[in-house]
2 protein chains.
Amino acid sequence: MYNLEQLRMFVESAELGSFSACARKLGKVQSAISQGIANLEIDLNLQLFDRSTRKPSLTPEGKQLFAYAEAVLRQTEELNTAVQAVGRGDEAIIRLALDNALFVPTLGPILQEFGDAFPATAIEIIYIPSTDVINLIKKQRADLGLMFSDLSFKQDVQLGFIGHVPFHAVCNPAHPLAKIDSVNVVDLIPHRQLVLRGEIATDFDQVAKISAEIWWANSFHAIEEMVKQGIGWAYMPCHLVEEAIKNKELIQLPLSFDHKPWSLSVDLIRAKNQRMGHAQGWLYGKLTHLLE
Amino acid sequence: MYNLEQLRMFVESAELGSFSACARKLGKVQSAISQGIANLEIDLNLQLFDRSTRKPSLTPEGKQLFAYAEAVLRQTEELNTAVQAVGRGDEAIIRLALDNALFVPTLGPILQEFGDAFPATAIEIIYIPSTDVINLIKKQRADLGLMFSDLSFKQDVQLGFIGHVPFHAVCNPAHPLAKIDSVNVVDLIPHRQLVLRGEIATDFDQVAKISAEIWWANSFHAIEEMVKQGIGWAYMPCHLVEEAIKNKELIQLPLSFDHKPWSLSVDLIRAKNQRMGHAQGWLYGKLTHLLE
DNA sequence: TATACATATCACCAATACTGATGGTTATTA
DNA sequence: TAATAACCATCAGTATTGGTGATATGTATA
């Protein structure tokens with residue numbers, strides 16, 4: 001049966017077009033390559049190289065198999081980098097809890113980069129209402145969390161402000177509020193408002209309450225759907241509704257009392273007194289600058 | 001450096017939860033496995049198994065690396081099946097020339113099945129107007145071809161009837177013809193017709209000519225676009241326009257003289273006096289039943 | 001406590017992979 | 001054309017590796 005070293009000889013020799021060059025590259029003598037490939041050919045019962053010319057070149061059979069042999073070696077490279085990663089103690093998984101409103105466009109590239117830097121570490125994204133993030137961290141069911149700042153009890157977790165997420169007030173184009181040129185607070189009060197709330201009620205739920213009648217939902221996607229169906233108006237993260245506003249599915253309310261977009265502070269949190277591994281430390285650092 | 005045999009020991013032992021069982025499966029003695037894995041652990045500078053219990057189980061590090069090791073072995077399996085295929089002389093590539101009108105829904109599954117049966121053989125689909133297929137085969141630039149039957153000169157190729165492709169006459173919903181309840185030939189004559197034609201003019205180009213004014217295009221996709229823009233009416237393969245008819249983008253003309261869909265015969269062709277390999281033979285057989 | 005079944009270790013043996021020398025072949029250069 | 005340099009195949013000898021079988025030890029099960 002063939003072995004990895006023979007596959008290496010096969011691929012290198014094919015790429016370099018020379019057994020001697022391959023030998024130099026792999027740190028062996030020429031005859032070792034010559035024999036190694038001859039043995040591989042015996043094992044596979046196929047001729048891989050055409051030696052009739054000066055430079056050995058792949059036979060048609062060799063060409064067909066080259067990509068497969070290369071694929072095996074690529075997999076061993078993957079294994080090697082994973083071994084490196086595990087060797088320096090990279091975590092097996094990092095669980096990141098966040099509200100889908102906080103899945104900002106800049107997060108994607110960070111996760112991409114993370115995957116390259118920590119091939120042996122998996123990422124689990126846990127989508128939950130912002131208000132429940134802190135609880136997941138407390139219960140050690142998540143390692144890092146992103147949440148809208150909350151003034152309530154914050155024992156057992158370490159949290160740091162990382163920036164603001166701007167919000168627009170939005171409604172359906174057919175909604176009565178859409179017809180007002182400049183909306184003030186009094187205008188808003190009689191119309192039903194949709195507000196985010198998770199399992200746990202916190203003071204955050206209260207922050208944005210303006211209207212008299214409030215309906216709740218536990219995700220911004222749900223709120224968006226409700227607003228689109230004219231059920232009420234809501235504050236929504238700008239990056240979630242930009243597209244819909246452009247497509248005229250939603251109207252951004254021109255608030256007379258809000259000259260720049262209203263925004264919420266965001267905290268990055270993790271369990272207190274818990275050591276972070278390499279991967280978590282890296283990700284923590286990157287997330288610190290998520291909203292810049 | 002580790003080798004494939006050690007990876008096999010790693011994966012098998014982990015799956016079986018036993019070095020002895022692994023030894024039996026791999027046809028070695030227990031001590032070989034014990035040493036093999038110990039050496040692997042030395043090479044990787046990591047402990048893969050926890051031997052403190054009765055059944056050896058993977059350490060966290062072992063768990064992280066397991067999938068990678070398995071992936072390497074899976075790649076060797078791929079290599080092995082490719083070696084088998086190349087060993088029995090499977091072709092490196094098969095070039096199938098056809099008109100996009102003949103990319104019928106049943107072709108997809110056949111190609112899928114082909115990929116499984118002949119892993120070392122690549123498929124090249126050459127999309128050209130039906131009338132040019134025969135030429136590609138003659139010039140040996142394709143191995144198999146599908147084309148609408150053509151009564152012209154057919155030297156050097158072997159061709160066989162395999163079935164019919166039904167056509168609908170279609171036009172844009174805003175087209176004058178769309179307003180007629182039952183369209184007869186005389187109604188069609190004054191309206192511009194769009195007909196397929198390739199590089200080579202053949203008698204096929206003439207077959208479907210009905211209207212006085214004819215415009216040409218070299219693909220049904222182009223014709224479809226032209227019909228959608230109201231440039232004329234055309235005969236189109238049913239399977240290409242079903243969707244558009246359903247979406248009211250096209251109207252199927254109710255032809256008084258065509259009570260069942262007009263259809264064209266299709267031939268499967270290949271070069272005469274040329275030996276077919278396994279893969280080509282298999283595909284040839286399957287394509288014979290393509291339109292059943 | 002006895003049994004059955006694991007794993008680790010060790011000395012020994014067999015298979016293999018590598019080395020270095022040799023000879024033949026093919027381009028390149030004088 | 002002759003000399004040179006670079007390449008590959010082959011082979012005998014050696015070093016390395018991997019496998020064997022025996023033994024000691026450990027751990028569940030009855």
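Lettering follows sequence order; numbering is per chain, from 1. All of these numbers come straight from a predicted model, not from anything done at the bench. Computed over heavy atoms, backbone and side chain alike; hydrogens, waters and symmetry mates excluded.
Note on the helix from C:dT1-D:dA30 to C:dA30-D:dT1: terminal axis deviation equals 30°, with five pairs used at each end and the result rounded to 10°.
With sequence neighbours excluded, the residues satisfying side chain to side chain contact (heavy atoms under 4.5 Å, CB included) with A:F161 are A:H164, A:S265, A:D267. Residues satisfying the side chain to side chain contact (heavy atoms under 4.5 Å, CB included) test with A:K25, not counting sequence neighbours, are A:E12, A:L16. A:F114 is linked by a ring-ring contact (aromatic ring centres under 6.0 Å, His included) to A:F118, A:W282, counting only residues two or more places apart in sequence or in another chain. With sequence neighbours excluded, the residues satisfying side chain to side chain contact (heavy atoms under 4.5 Å, CB included) with A:D143 are A:I94, A:R95, A:Q280.
Checked by atom type and distance alone, the side chain of A:T59 pairs as donor or acceptor with a backbone atom of A:L48 at under 3.5 Å. Of the possible donor and acceptor atoms, one in the side chain of B:Q47 sits under 3.5 Å from a partner among the backbone N and O of B:F49. A distance-only check finds no donor-acceptor pair linking the side chain of B:S13 to the backbone of B:F19 [under 3.5 Å]. No donor-acceptor distance shorter than 3.5 angstrom exists from the side chain of A:E113 to the backbone of A:I110, with no hydrogens or angles considered.
One atom, CG of A:L4, and another, P of C:dT16, lie 17 Å apart when rounded to the nearest Å. We find that CZ of B:F49 is positioned 12 Å from C1' of C:dT7, with the value rounded to whole Å. Whole-Å rounding puts the A:I37 CD1 to C:dA17 P distance at 14 Å. Taking atom CG of residue A:L40 and atom P of nucleotide C:dC18, one finds them 13 Å apart after rounding to whole Å. Atom CD in A:E41 sits about 12 Å away from atom C1' in D:dA9, given to the nearest Å. Atom pair A:D43:CG and C:dA17:C1' shows a separation of 13 Å (rounding to whole Å applied). Computed from coordinates, the B:K55 NZ to C:dT7 C1' distance equals 13 Å when rounded to whole Å. When rounded to the nearest whole Å, the span between CG of A:L26 and P of C:dA17 equals 15 Å.
Of all the residues in residues 11-25 of chain A, A:S18, A:F19, A:S20, A:R24 reach under 4.0 Å from DNA chain D with at least one non-hydrogen atom.
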Enumerate all atom pairs, one protein N or O and one N or O from nucleotides 27-30 of chain D, separated by less than 3.5 Å.
{"unit_1": "D:dT27", "atom_1": "O2", "unit_2": "B:R54", "atom_2": "NH1", "d": "3.4"}

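The distance from atom CD1 of B:I137 to atom CG of B:L144, rounded to the nearest 0.5 Å, is 6.5 Å.
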Return all side-chain donor-acceptor pairs below 3.5 angstrom for residues 28-38 of chain B, not counting sequence neighbours, or 'none' if the list is empty.
{"unit_1": "B:K28", "atom_1": "NZ", "unit_2": "B:E5", "atom_2": "OE2", "d": "3.3"}
{"unit_1": "B:Q35", "atom_1": "NE2", "unit_2": "B:S31", "atom_2": "O", "d": "3.3"}

Base versus backbone protein contacts along nucleotides 17-25 of chain D [heavy-atom cut-off under 4.0 Å; B, S, -]: -SSBB----

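The side chain to side chain donor-acceptor pair (under 3.5 Å) analysis of residues 68-88 of chain B, with sequence neighbours excluded, yields the pairs A:Y2-B:N80, B:R88-B:D90. Listed by first and then second residue, the salt bridge (charged side-chain N to carboxylate O under 4.0 Å, His left out) pairs that reach into residues 43-59 of chain A are A:E41-A:R51, sequence neighbours excluded. Here salt bridge (charged side-chain N to carboxylate O under 4.0 Å, His left out) pairs that include residues 58-67 of chain B, with residues two or more places apart or in two chains, number zero.
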